Every structure is written in structure tokens, then in C-alpha cells.
Amino acid sequence: MRIPIADVTPETTEAEIIGWVHEVRDLGGLAFYIIRDRTGFLQVTIVKKKAPETVVEATKETSRESVVRVFGTVKATEKAPGGRELIPDTFEIISKAESPLPLDVAEKVPAELDTRLDNRFLDSRRPRINAIFQIRSNITQSINDFLFKEGFVNITTPKVVAAATEGGTELFPIAYFEKEAFLNQSPQLYKQMMMAAGFEKVFEIAPIFRAEEHNTTRHLNEATSIDVEFSFADHNDAMDLVEKIVIQAYESVSNNCENALNTLNVDLKVPENRFPRITYSEAIDIAALGIEEDISYGDDLSTAAERAIGDEMGEHYFITDWPTSIKPYYAMPFEDQPEICKAFDLMHPRMELSSGAQRIHQYDLLVEQIKEKGLSPESFEFYLKPFRYGMPPHAGWGLGMERLIMTMLNLPNIREAVLFPRDRHRLVP
RNA sequence: GCCCAGGUAGUGUAGGGGCCUAUCAUGCAGCCCUGUCACGGCUGCGACACGGAUUCGAAUUCCGUCCUGGGCGCCA
């Protein structure tokens with residue numbers, strides 16, 4: 001009966017393990033086979049004069065990264081990693097790995113990101129890579145748990161859509177029988193429609209697609225968006241919620257992923273306080289002091305500006321009170337000051353994590369704003385119709401999963417936070 | 001999209017007109033080795049992205065193609 005390697009302790013008497021041959025150190029009359037499974041490493045020690053001949057034969061046949069089953073007695077010893085080693089009675093090759101390997105799992109020699117992504121299945125055998133995705137899984141679970149507990153309903157919205165949903169970004173066109181269709185850039189319109197559907201609180205964690213030809217360490221063409229929308233709420237409620245979500249994601253990882261964090265050598269600091277909130281206008285002033293080029297009210301924040309503000313803030317923060325002109329049409333303008341709106345961005349010092357807003361729920365105002373942006377209300381009829389039949393006030397946000405992971409773990413490249421990233425050039429695997 | 005830097009054994013690299021029969025590490029194969037934990041020692045194997053040009057001579061210079069990384073823009 002196979003047991004996980006982590007369960008093999010110095011007190012264990014005998015054990016059967018199944019795992020990958022991580023490393024071989026053959027000293028002649030004595031050989032060490034380091035076996036790795038999802039839970040850890042175990043040294044299999046073979047004294048060639050004493051070991052059964054079948055074991056010696058099998059170890060001769062095996063190769064690094066082959067899958068093997070080893071059964072034997074466990075010996076407590078200070079000389080072995082973890083204070084124990086396995087003295088095999090049987091050693092069976094279940095699946096032999098070809099040689100040479102496309103990359104070195106044991107990390108004696110580094111591999112470039114491109115090589116690693118081409119061989120992601122092997123790359124992911126490395127404990128450091130595995131740890132990232134253990135943590136990602138935990139974040140997904142904790143956010144789901146949190147939102148379910150808060151009474152949010154999990155929804156699934158279409159990724160194949162007929163028209164550009166909110167403008168602002170390039171879409172991937174696809175062939176949909178005799179019609180043209182697109183991969184959805186965001187579930188925005190659908191989650192708002194669910195407010196009209198009376199669901200009151202909805203969320204979705206799902207892929208979004210952007211056809212931007214960007215080439216950076218913080219953009220993906222297929223990303224995962226954590227999307228939330230809730231009724232009878234304003235932008236302040238939305239900010240409170242996204243702040244709670246981020247903090248509790250940090251807490252969850254900190255409490256449940258100690259091994260993964262150690263493997264990654266990350267000393268995770270859980271944000272303790274509420275995130276500071278500065279207005280767009282204040283952000284512009286900070287940026288103007290910190291960067292060379294001119295920046296003035298009404299401009300979008302450049303990368304350099306974001307960085308300058310991030311350096312100044314030094315922690316997560318919100319930018320509020322954005323000019324209505326540079327936010328999407330569905331952001332609610334302030335009643336007394338319609339040139340600014342109830343939109344916000346949640347920023348990490350390195351980059352933007354989330355943007356959200358109280359949404360416009362009045363049909364006439366929404367149509368007006370759509371026209372203001374140079375879009376045609378006719379092409380949004382499916383979206384606008386619900387606003388005519390009792391749309392509650394509502395607010396929401398979208399939070400980039402990969403950016404959350406990247407900033408939490410201080411990963412150098414957003415591709416590190418995705419198993420199989422889609423970027424400007426990569427479509428395989 | 002614009003700009004910059006690259007492409008050398010399976011992997012990661014050195015080498016920037018002749019010292020290249022191309023360096024080192026790792027890997028692989030063989031031999032030696034009974035406490036390794038980046039085991040060690042010896043021997044061997046394995047590469048200049050592709051096409052063209054310049055030159056007596058090109059891994060090295062130039063042009064084109066393909067591929068990659070990064071910065072900016074756009075975007076989240």
C-alpha cells in the first residue's frame with residue numbers, strides 16, 4: 001500500500017512509496033536514489049553487496065525522472081535528509097523517463113522561461129513551481145469560501161459573445177457558424193444583468209481574453225478575472241469588499257501554505273490595516289513630483305507614474321474619484337460633480353490589481369454615457385433592456401488573479417502565475 | 001504597434017574576423033569509488049537558428065527570414 005513520502009518518518013518501520021527519481025548519487029558499493037512525490041523527498045539507500053539482486057538490476061535500468069515503486073524497511077539515521085532512509089526490498093520501474101531530459105528538474109542547471117514553458121509538465125515537477133500553484137489553488141478556494149459565506153451566488157457567463165462589450169480593448173474574433181463572434185474581454189455586462197435578474201450578489205472566477213499586442217511581464221492575453229457585482233451597494237462598499245478579499249487571501253495563504261511559502265522563500269506579510277485611499281487628483285500630484293515627463297489632470301497613469309505613486313505609497317492603496325472621461329461608460333458620475341465618477345482602482349505598489357465602481361443603474365443616463373464614449377446604444381440593446389425594468393443600484397469590481405498571485409509572491413513575470421500562459425507569441429502548449 | 005537586446009551540445013553558458021579541431025558547468029556513456037546530500041576522480045559523447053553577402057579566411061561583420069527575452073505604448 002503506497003504511502004505519501006511526507007508520511008515516512010524516522011518512526012516508520014516499513015513503507016511502499018511511488019515517485020519520480022529526482023537524483024542519483026552512486027558512490028560505488030553504495031548508492032543513493034532520491035525519490036520525489038507531491039509531498040516531499042525520500043532517500044533510498046542501496047548497499048549493493050547486501051541489496052537483493054533484483055533491486056540492483058532495477059536501479060541500473062532506471063533513469064532520472066522515471067516513475068518507480070520502492071518497498072522496504074525504513075531506517076532512522078541522522079545521515080539521511082529528513083532523518084530517515086528507505087532500504088529497499090523491491091525496486092520497480094513503473095514508467096521509464098527518456099534521456100536526456102528537456103530541462104533539469106533538480107535545478108543544478110537553470111532553464112530559461114521559454115524552455116520551461118515549452119516543457120511545463122516537467123517544469124512543474126520542480127517544487128518551487130508546484131508551490132506557486134498550490135498557493136494559487138488555496139487563493140481560489142479561500143475567495144470562493146469567503147464569497148459563499150457572504151451570500152454571493154457563483155455564476156457562469158458566456159465567453160463567446162456577439163459584440164465588443166465595453167470597448168477599450170482589442171478582442172479576439174472567432175468564427176461562430178455563419179456569424180462573427182468574439183472571446184469576451186470581461187463578464188461586466190452579464191454580471192450587471194444578473195443584478196436586474198434579482199440575484200443581488202454574484203461572483204465569477206473565469207478567463208477573460210484581450211487581444212492586445214503587449215509584450216510585458218504583467219500582461220496576458222488570457223487571464224483569470226475574479227469578478228464580483230452586488231446590489232444596493234456603492235463604490236465604498238465595493239472597495240471594502242475587495243480590500244477584505246485581498247487581505248483574507250493573504251491570510252489564507254499565510255495560514256495554510258507554510259510549506260509552499262518556505263519552498264518559495266517568501267516571507268509573506270499579511271496587510272494589516274485598511275488600504276489608504278487617495279483621489280485621482282492626489283495621485284497625479286504625487287506622480288508629477290516623481291517622474292520626468294509631464295503629467296496633468298485627465299491623463300491616464302503611465303507605467304512610470306504608477307511606479308512613482310507606488311513607491312510613495314509603499315503598500316496596497318486605492319485611487320478614487322477618477323475623471324469620468326477616462327473610465328468606462330458604466331461608471332456612476334458623482335451627482336454633484338459629474339466630471340468625476342465613483343470608480344476606483346486597487347493598486348499594489350508594483351501595478352494595478354483591480355478596478356471597480358458603482359455602476360450607473362438609470363437607463364437614460366447610461367444611454368447618454370454610451371453615446372458620450374462614441375459607442376452605439378443599439379449594439380448594446382441586450383444589455384440596456386434590463387435597465388428599463390427595475391435595475392437596482394449596484395457596484396462591483398474585477399480583480400486580476402494572476403496579478404494578485406504575482407504581487408503576493410513577488411514573481412518576476414506574470415507567466416509564472418499561470419500553468420499554460422497565453423501571450424503575444426505563445427499558443428502552445 | 002514602436003524601441004532595445006539576444007539565438008552556440010539535452011540544459012545553462014564562454015568566445016565579437018585567423019589563436020576554434022569552439023570554453024566551462026550540468027547531462028549522458030564507460031571505468032574507479034560504502035555515507036552522499038550540487039558526492040568526488042579519470043576517459044569519452046554532444047552545439048555555432050536558417051538563407052544570402054563581404055572576405056584569402058565568418059560562430060564573430062552586413063542583409064533578409066524565423067524564433068526568443070525585455071522596455072514603452074495600449075490594456076487589467
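Every heavy atom of this structure was used, including side-chain atoms; hydrogens, water molecules and symmetry mates were not. The structure displayed is predicted, hence computed values, not measured ones. Chain letters run A, B, ... following the sequence lines, proteins first and then strands; every chain starts at 1.
- The interatomic distance linking A:Phe32 (CZ) with B:rG40 (P) rounds to 14 Å, in whole Å.
- In textbook terms, a nucleotide whose glycosidic angle is within 90° of 0 is syn, and B:rG16 is one such case.
- In a base pair of the Watson-Crick type (N1 to N3 plus N6-O4 or O6-N4) or a G-U wobble (N1-O2 and O6-N3), with each distance short of 3.5 Å, B:rC62 is matched with B:rG52.
- Counting only heavy atoms from C-beta on, A:Ala111 has its side chain closest to B:rU11 among B:rU11, B:rG1, B:rC74.
- When each of A:Arg415, A:Arg136, A:Arg218 is checked for a side chain to side chain donor-acceptor pair (under 3.5 Å) with A:Glu402, only A:Arg136 meets the rule.
- Pair check for B:rA9 finds none; no Watson-Crick or G-U wobble contact set falls under 3.5 Å.
- Listed nucleotides B:rA38, B:rG12, B:rG70 differ in distance to A:Arg415; the shortest reach to its side chain belongs to B:rG70.
- With rounding to whole Å, A:Leu301 atom CG is found 11 Å from B:rG73 atom P.
- Shown here, B:rC72 forms a base pair with B:rG1; the pair counts as Watson-Crick or G-U wobble because both key distances fall under 3.5 Å.
- Separating the P atom of B:rG15 from that of B:rU68 is a span of 25 Å, rounded to the nearest Å.
- Across all strands shown, A:Pro102 has heavy atoms under 4.0 Å from sugar-phosphate atoms exclusively, and none from any base.
- In this structure, A:Leu220 reaches the bases: a heavy-atom distance under 4.0 Å links it to at least one base atom across the strands shown.
- For the P atoms, the distance linking B:rG69 with B:rA59 amounts to 27 Å, nearest Å.
- A gap of 32 Å separates the C1' atoms of B:rA5 and B:rU21, to the nearest Å.
- The neighbour count for A:Lys96 NZ, taken as heavy atoms of other residues, nucleotides or ligands under 6.0 Å away, is above 12.
- Closest to the side chain of A:Glu85, out of B:rG71, B:rU26, B:rG35, is B:rG35.
- The partner of B:rG57 is absent, by the rule that a Watson-Crick or G-U pair needs both atom distances under 3.5 Å.
- Within the 4.0 angstrom heavy-atom criterion, only backbone atoms of the sugar-phosphate kind lie near A:Thr217; the bases stay farther away.
- At B:rG73, one or more side-chain N or O atoms of A:Thr303 fall inside 4.0 Å of OP1 or OP2 (strictly under the cut-off).
- Nearest nucleotide to the A:Asp114 side chain, out of B:rG12, B:rG35, B:rU68: B:rU68.
- Between the side chains of A:Tyr330 and A:Gln369, no donor-acceptor pair is found at a separation under 3.5 Å.
- Here the side chain of A:Asn413 is nearest to one of B:rG70, B:rC75, B:rA25, namely B:rG70.
- Nucleotides B:rU55 and B:rC63 have their C1' atoms positioned 16 Å apart, rounded to a whole Å.
- Among the protein residues, A:Ala223 comes within range of the nucleic acid bases, having at least one heavy atom under 4.0 Å from a base atom.
- As judged by a 4.0 angstrom heavy-atom cut-off over every strand, A:Lys48 is placed among residues making no nucleic acid contact.
- No engagement by A:Glu402 is indicated, since no non-hydrogen atom pair under 4.0 Å with the nucleic acid exists.
- For the P atoms, the distance linking B:rG64 with B:rC56 amounts to 24 Å, nearest Å.
- In this structure, A:Arg116 atom CZ and B:rG12 atom P are separated by 11 Å, rounded to whole Å.
- Looking at the side chain of A:Lys108, the nearest of the listed nucleotides B:rG27, B:rU68, B:rC74 is B:rG27.
- In this structure, A:Lys75 reaches the bases: a heavy-atom distance under 4.0 Å links it to at least one base atom across the strands shown.
- At least one test fails for A:Lys269 against the ring of A:Tyr250: distance under 6.0 Å to the centre or angle within 45° of the axis.
- Residue A:Arg2 places its CZ atom among more than 12 non-hydrogen atoms of other residues, nucleotides or ligands, all under 6.0 Å distant.
- The CG-C1' distance, from A:Leu183 to B:rC75, rounds to 17 Å in whole Å.
- Among the nucleotides B:rC28, B:rU34, B:rG73, the one closest to the side chain of A:Arg64 is B:rC28.
- Residue side chain A:His219 reaches the base of B:rC75 through a donor-acceptor N/O pair under 3.5 Å, judged by distance alone.
- Residue A:Asp26 has its side chain nearest to B:rC33 when only B:rC33, B:rC74, B:rG12 are considered.
- Across the protein-nucleic acid pair, A:Glu306 atom CD and B:rG71 atom P stand 13 Å apart, rounded to whole Å.
- Base pairing analysis places B:rA22 opposite nothing; no Watson-Crick or G-U wobble pair with both distances below 3.5 Å involves it.
- If you check every strand for non-hydrogen atoms under 4.0 Å, A:Arg36 touches nothing.
- Heavy atoms of A:Arg426 sit nowhere under 4.0 angstrom from any nucleic acid atom.
- A salt bridge between A:Lys60 and A:Glu57 is present, with a side-chain N of the basic residue lying under 4.0 Å from a carboxylate O of the acidic one.
- Around CZ of A:Phe199, the count of heavy atoms belonging to other residues, nucleotides or ligands within 6.0 Å does not exceed 12.
- Across all strands shown, A:Thr115 has heavy atoms under 4.0 Å from sugar-phosphate atoms exclusively, and none from any base.
- Rounded to whole angstrom, the span from the OH atom of A:Tyr33 across to the P atom of B:rC37 amounts to 17 Å.
- When both pairing distances are held under 3.5 Å, B:rG17 makes no Watson-Crick or G-U pair with any nucleotide shown.
- Per the geometry, CZ belonging to A:Arg218 stands 15 Å off C1' belonging to B:rG69, to the nearest Å.
- For B:rC45, the paired base is B:rG27 (Watson-Crick or G-U wobble, both distances below 3.5 Å).
- Look at B:rG35: it lacks any Watson-Crick or wobble partner with both distances under 3.5 angstrom.
- A salt bridge links A:Glu107 with A:Arg128; the closest basic N to acidic carboxylate O contact falls under 4.0 Å.
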Report task. Produce a footprint string for nucleotides 42-50 of chain B: one letter per nucleotide, 5' end first; B if the base is under 4.0 Å from any protein heavy atom, S if only the sugar-phosphate is, - if neither. Result -> ---------
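- Comparing A:Glu293 and A:Val47, the nucleotide of RNA chain B nearest to each residue sits closer to the 5' end for A:Val47.
- For CD of A:Glu293, the number of neighbouring non-hydrogen atoms (other residues, nucleotides, ligands) closer than 6.0 Å is greater than 12.
- For the P atom pair drawn from B:rA9 and B:rC48, the interatomic distance equals 7 Å after rounding to whole Å.
- Within 4.0 Å of A:Ala80, counting heavy atoms only, lies at least one base atom of the nucleic acid.
- In terms of polar N and O atoms assigned as donor or acceptor, the side chain of A:Glu112 never comes within less than 3.5 Å of the base of B:rU11 in a complementary pairing.
- With ring centers used as reference points, A:Phe387 lies 6.0 Å or more from A:His361.
- Spacing between atom CG of A:Asp118 and atom P of B:rG12 amounts to 10 Å, rounded to whole angstrom units.
- Note on A:Glu107: nothing from the nucleic acid sits closer than 4.0 angstrom, heavy atoms only.
- Heavy atoms of other residues, nucleotides or ligands lying less than 6.0 angstrom from CD of A:Glu251 number more than 12.
- Proximity of the aromatic rings of A:Phe209 and A:Phe182 is defined here by a centroid distance below 6.0 angstrom, and this criterion is not met.
- The nucleotide whose nearest atom lies closest to any side-chain atom of A:Thr216 is, among B:rG71, B:rU34, B:rC75, B:rG71.
- A distance of about 14 Å separates the P atoms of B:rA53 and B:rU60, rounded to the whole Å.
- Across all strands, A:Ser302 comes closer than 4.0 Å only to sugar-phosphate atoms, never to a base (heavy-atom distances).
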